[in-house]
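First up is the structure itself, then whatever we jot down about it.
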There are 2 protein chains.
Amino acid sequence: MPPTTVPKPAPRERLLAAAETLFYDEGIHIGVDRLCAVAEVSKRSMYQHFGGKDDVIVEMLRARAGRLAAAWSSSEGRTPRARILAVFDSVREMSASPDFHGCPFVNVATELKDREHPANVAALGYKLELNRFFEDQARSGGAADPQALGVQLTMMFDGACAYSVVRGGTTDAALGAVETLLDAQGVTD
Amino acid sequence: MPPTTVPKPAPRERLLAAAETLFYDEGIHIGVDRLCAVAEVSKRSMYQHFGGKDDVIVEMLRARAGRLAAAWSSSEGRTPRARILAVFDSVREMSASPDFHGCPFVNVATELKDREHPANVAALGYKLELNRFFEDQARSGGAADPQALGVQLTMMFDGACAYSVVRGGTTDAALGAVETLLDAQGVTD
DNA sequence: CGAGTGGTACACCGATCTGTGTACTCTGCT
DNA sequence: AGCAGAGTACACAGATCGGTGTACCACTCG
């Protein structure tokens with residue numbers, strides 16, 4: 001029988017996985033030495049797979065954005081209101097973990113400042129996608145002003161994350177606010 | 001006649017002023033050399049006035065929190081609803097500036113991660129104060145659940161800031177959401 | 001066998017980081 | 001005049017940063 005050990009993923013995948021946890025847990029200011037050590041990849045290999053540290057950040061964000069967007073879409077079949085609430089419920093769940101440090105995209109944008117930076121462009125893309133998801137669901141649910149509601153829900157999303165970052169608690173209160181905003185626009189089940 | 005030149009503030013004040021703009025505009029990872037150069041204070045003097053870079057950050061946040069809290073209180077005499085909306089209106093105004101980079105307290109908390117850090121404790125104190133202001137106004141305005149409304153408004157506050165950080169636009173949409181949340185709890189003028 | 005390829009180990013570069021040590025100047029007070 | 005304190009200029013330490021150069025190793029394909 002073949003060896004039971006799972007083959008180690010390729011260096012590129014190991015780097016992206018390490019970047020996801022390290023950059024999120026400790027910020028994007030950690031050194032590439034640390035990153036490579038955790039990924040068990042030589043620094044030389046890293047610079048052959050990526051153009052530089054910034055490149056790793058961008059690719060990591062892109063991969064993460066894709067996975068998260070897929071998670072929202074997975075709620076197909078349910079009502080628009082339920083699909084919106086499910087997003088906030090997942091945030092509530094994540095915020096219960098001591099390893100929760102807010103929205104990774106907002107974090108990178110905050111740490112980078114420069115709005116022209118490719119990583120910030122990726123973060124913006126993610127937020128636009130989230131906004132569009134909310135807006136689409138709001139429209140499907142018969143909202144009076146889907147566009148405004150989409151923006152408001154996006155704000156509430158990041159506000160809930162920031163709340164947990166500073167306070168350390170969970171984001172339960174966000175669900176009540178979201179229900180109020182949905183009710184006000186006639187988005188019922 | 002006396003010289004028209006205003007006397008230069010003391011080194012301590014110059015350092016705090018420089019820290020306020022530099023740490024906010026470029027993040028708290030800039031070097032102390034840069035900070036001292038802008039403040040026109042020798043590095044040696046900085047370490048005689050403050051225990052270290054972290055100390056400067058904490059003192060800067062404390063000063064800033066005091067001034068902002070005073071700004072909310074300045075709206076005495078107006079209705080609770082108007083006082084709450086005034087806070088979000090000032091955020092809307094600030095977000096119009098290209099120099100706006102979100103809430104300085106949330107930014108520091110995001111960049112520092114460590115929740116035990118004194119600067120993060122200061123940030124938490126500020127957010128608790130803001131939360132209490134909202135809650136007090138909600139109660140005065142006859143809200144059905146002032147505590148929940150206070151938290152929701154605090155979330156909306158940070159959400160509006162994060163929105164502007166990533167998108168670059170103003171936070172107009174937050175006002176609509178706030179009005180909806182206030183209406184739902186019966187906080188009218 | 002040999003060549004090419006992907007990866008590693010490790011030293012190294014210049015820049016920058018926080019923080020300190022030292023010797024100097026300025027200023028106000030008595 | 002003389003002294004003390006506050007501030008400055010500047011070199012320096014030890015660490016870490018992103019990034020590179022070099023020599024070597026293991027594997028596959030022909």
Side-chain angles (χ1 to χ4, degrees), chain A residues 2-3 5-20 22-61 107-108 110-114 116-120, chain B residues 2-3 5-61 107-108 111-114 116-120:
Chain A
T5 60
V6 209
K8 209 190 267 190
R12 183 187 166 88
E13 272 65 42
R14 271 183 284 159
L15 279 167
L16 288 177
E20 204 161 304
L22 271 183
F23 287 149
Y24 181 67
D25 289 342
E26 314 194 23
I28 59 174
H29 288 91
I30 63 155
V32 290
D33 295 275
R34 198 54 202 302
L35 175 69
C36 291
V38 171
E40 290 180 292
V41 170
S42 75
K43 204 155 59 148
R44 210 69 195 81
S45 292
M46 193 208 103
Y47 281 100
Q48 250 138 26
H49 283 285
F50 298 92
K53 184 187 175 185
D54 285 2
D55 196 18
V56 179
I57 298 174
V58 172
E59 292 298 319
M60 178 269 285
L61 287 183
N107 290 356
V108 169
T110 299
E111 297 186 70
L112 248 31
K113 310 284 183 207
D114 175 20
E116 313 292 327
H117 193 290
N120 263 0
Chain B
T5 61
V6 211
K8 209 190 264 190
R12 185 187 166 88
E13 273 65 43
R14 270 181 285 158
L15 280 167
L16 288 177
E20 204 160 305
T21 63
L22 270 183
F23 287 148
Y24 181 66
D25 289 343
E26 315 194 22
I28 60 174
H29 288 90
I30 62 155
V32 290
D33 294 277
R34 218 11 226 310
L35 175 69
C36 291
V38 170
E40 288 180 294
V41 171
S42 77
K43 203 157 54 151
R44 211 70 194 81
S45 293
M46 192 209 102
Y47 280 100
Q48 249 137 26
H49 284 283
F50 298 93
K53 183 187 173 183
D54 285 2
D55 196 19
V56 179
I57 297 173
V58 173
E59 293 298 318
M60 177 270 286
L61 287 184
N107 290 356
V108 169
E111 296 186 71
L112 247 32
K113 309 283 184 206
D114 176 20
E116 313 293 327
H117 193 290
N120 265 1

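This one's a predicted model, so the numbers in the text were calculated from it and none came from an experiment. Convention: sequence-line order gives letters A, B, ...; per-chain numbering from 1.
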Nucleic acid contacts of residues 40-61 of chain B, taken as heavy-atom distances under 4.0 Å to DNA chain D
E40(B), V41(B), S42(B), R44(B), S45(B), H49(B)
P118(B): which residues meet the side-chain contact (heavy atoms from CB on, under 4.5 Å) condition with it, sequence neighbours left out?
V58(B)
Under the side-chain contact (heavy atoms from CB on, under 4.5 Å) rule, collect the residues that match up with Q48(B), sequence neighbours excluded.
none
Classify the nucleic acid contact of L35(B) as base, sugar-phosphate or nothing, counting any heavy atom under 4.0 Å across all strands shown.
nothing
Among all residues two or more places apart in sequence or in another chain, which pass the side-chain hydrogen bond (donor to acceptor under 3.5 Å, both in side chains) test with [X]?
| X | result |
| --- | --- |
| R44(A) | none |
| K43(B) | D33(B) |
| E26(A) | R34(A) |
| R12(B) | E59(B) |

Partner set under ring pair (Phe, Tyr, Trp, His ring centres under 6.0 Å) for [X], not counting sequence neighbours:
| X | answer |
| --- | --- |
| F50(A) | none |
| Y47(B) | none |
| H29(B) | H29(A) |

Hey, what do you get for CG (D25(A)) to NZ (K113(B)), rounding to the nearest 0.5 Å?
8.0 Å
Boundaries of the DNA chain D segment in contact with chain B, non-hydrogen, under 4.0 Å
dG7(D) to dA9(D)
Range on DNA chain C touched by chain A, heavy atoms, distance below 4.0 Å
dG7(C) to dA9(C)
